[in-house]
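First comes the structure, then the notes that go with it.
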Amino acid sequence: MSSAGSSLADKRRLLARRLAERFGGGVTPHAASPEQRALWLAHRLDPTGPALNVSLVVRFGGALDPSRLRRSLAALVRRHPALRTTYLPL
């Protein structure tokens, strides 16, 4: 399918099919949020650069509940679309 003569709907269907093939059908394309577009642009300008890396050290006192930490991080990712961003090669 040539992208030059394809309609937007055709391109979206092709993208959905390719995502399903690559990720087993568990991915649905959505419009990018403004934050995701900014991250995409930064990635396109310098794909190997450290600008998108965030280092963080946290010191916990007492016992750590891994299950609670996992649920908390999952909730954080659900709340912020930019944390779910994946860049596929064009």
Side-chain angles (χ1 to χ4, degrees):
M1 176 183 297
S2 169
S3 62
S6 299
S7 71
L8 182 58
D10 290 337
K11 290 178 184 179
R12 286 185 175 157
R13 281 191 292 276
L14 176 61
L15 175 61
R17 191 182 83 232
R18 288 185 178 171
L19 288 171
E21 289 169 358
R22 182 168 180 176
F23 298 105
V27 174
T28 303
H30 295 280
S33 69
E35 295 84 4
Q36 288 171 311
R37 287 192 293 273
L39 291 171
W40 175 83
L41 179 58
H43 176 74
R44 292 292 294 163
L45 293 173
D46 188 6
T48 61
L52 300 180
N53 297 339
V54 177
S55 297
L56 176 70
V57 176
V58 178
R59 185 177 304 261
F60 293 99
L64 176 66
D65 181 348
S67 178
R68 182 175 283 176
L69 178 61
R70 194 174 353 298
R71 288 192 312 270
S72 297
L73 291 174
L76 184 68
V77 169
R78 279 193 306 274
R79 195 168 35 247
H80 299 284
L83 297 176
R84 298 187 304 270
T85 303
T86 301
Y87 303 106
L88 302 176
L90 297 177

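What you see is a predicted model; the values in this text were computed from it and never measured.
- A single hydrophobic cluster is seen to contain both Leu69 and Val58, as judged by linkage of ILVMFWY side chains at heavy-atom distances under 4.5 Å, directly or through other members.
- Both Leu56 and Leu64 belong to a common hydrophobic cluster when Ile, Leu, Val, Met, Phe, Trp and Tyr are linked at side-chain heavy-atom distances under 4.5 angstrom.
- For the ring pair (Phe, Tyr, Trp, His ring centres under 6.0 Å) test, no residue two or more places apart in sequence or in another chain qualifies with His80.
- You'll find the side chain of Lys11 stays beyond 4.5 Å of the side chain of Leu14, heavy atoms only.
- Remark: Arg13 engages Asp10 in a salt bridge (Lys or Arg N to Asp or Glu O under 4.0 Å) (not counting sequence neighbours).
- Residue pairs meeting the ring pair (Phe, Tyr, Trp, His ring centres under 6.0 Å) criterion with at least one member in residues 43-79, sequence neighbours excluded, are His43-Tyr87.
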Would Ser67 and Arg71 count as a side chain to side chain donor-acceptor pair (under 3.5 Å) if you check the C-alpha gap in whole Å, the side-chain angles of each, and the deciding distance to 0.1 Å? CA-CA 6 Å; Ser67 178; Arg71 288 192 312 270; 2.7 Å; yes

